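Before any comments, here is the structure.
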Amino acid sequence: MAAVHVPVTGSRKFPQRIALFGVLCVLVAGVLLVLVERAYRELEVHLAGAILRVITSSGVYVAGNRETVYFGLTGDTPFGLRMTPECSSVFLLLPLLLVTAVLLWFRPRNARRLLFALGISVIAVILVNQLRILTIVGLVNALGTDEGYYWGHTLLGSMVSVIGGAISLVLFVWLSTRKTKAEKQAAA
């Protein structure tokens with residue numbers, strides 16, 4: 001068996017250069033997320049506060065500098081949820097970024113598809129984390145502070161995160177590996 005060296009033509013270099021740029025951008029985005037993780041948590045808390053203001057009339061206050069959203073302010077038992085690093089979606093996004101960087105490195109021709117899949121999956125992860133917060137709020141309102149927080153944070157909220165994270169990962173794989181109609185026709 002002999003190995004033959006085939007030079008890379010200019011038309012093949014272009015997707016590789018774009019993919020290399022994409023790998024660098026994705027890795028830089030991952031590093032930046034880690035470096036600005038606290039500011040990212042503040043944004044997540046502000047988003048949760050905005051959503052709560054739309055769906056509840058019981059009073060909402062966001063203390064961004066403390067990464068806390070308070071709700072139920074007009075009732076007898078106001079409650080505050082503090083977004084800790086473990087509760088943030090930033091660390092759920094990092095594996096998606098790393099997998100995208102690796103796939104871009106090995107499959108530069110799929111750059112557009114991979115970046116699209118990454119974008120959709122990032123949105124899904126962020127929405128899942130907001131759904132988790134809303135689950136906690138709903139159960140605290142329904143079951144009271146102690147029982148509602150226990151069920152909302154420890155059990156049901158964790159299930160929302162795990163199932164939502166799995167759905168986001170499956171969505172990423174499906175979007176990044178599915179073939180378009182044109183590709184299916186060309187293969188047939």
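All values derive from a computational prediction rather than experimental measurement. The residues of the chain are indexed from 1 along the displayed sequence. The basis for the numbers below is simple: all heavy atoms, side chains too, and nothing from hydrogens, waters or symmetry mates.
The closest side-chain heavy-atom distance from L169 to V99 is not below 4.5 Å. In this structure the side chain of T100 reaches within 4.5 angstrom of the side chain of F172, judged on heavy atoms. Taking the side chain as every heavy atom from C-beta outward, L94 and V34 approach each other to under 4.5 Å.
The closest side-chain donor-acceptor pair between S89 and E44 falls under 3.5 angstrom. There is a side-chain donor-acceptor pair under 3.5 Å between R132 and S161.
For T56 (side chain) and L52 (main-chain N/O), no donor-acceptor pair under 3.5 Å exists by modelled atom type. N129 places no side-chain N or O within 3.5 Å of a backbone atom of S88 that could act as its donor or acceptor partner. A distance-only check finds a donor-acceptor pair linking the side chain of R82 to the backbone of R66 [under 3.5 Å].
Surrounding CZ of R112 are at most 12 heavy atoms belonging to other residues, nucleotides or ligands under 6.0 Å away. A 6.0 Å sphere centred on CZ of R107 holds no more than 12 heavy atoms belonging to other residues, nucleotides or ligands. Atom OH of Y149 has 12 or fewer heavy atoms from other residues, nucleotides or ligands within 6.0 Å.
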Stepwise side chain to side chain contact (heavy atoms under 4.5 Å, CB included) test for L33 and L97: CA-CA 10 Å; L33 272 177; L97 292 170; 3.7 Å; yes

L27/V31 under side chain to side chain contact (heavy atoms under 4.5 Å, CB included): CA gap, chis, key distance, verdict: CA-CA 6 Å; L27 291 176; V31 169; 5.7 Å; no

Residues I167, I163; criterion side chain to side chain contact (heavy atoms under 4.5 Å, CB included); working and verdict: CA-CA 6 Å; I167 290 170; I163 292 169; 3.9 Å; yes

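In summary, of the residues considered (T68, L47, V69), a side-chain contact (heavy atoms from CB on, under 4.5 Å) with V62 occurs for V69 alone.
Residues L104 and A111 approach most closely at CD2-CA, 3.4 Å, considering heavy atoms.
For the atom pair H46 NE2 and E67 CD, the distance stands at 9.5 Å (nearest 0.5 Å).
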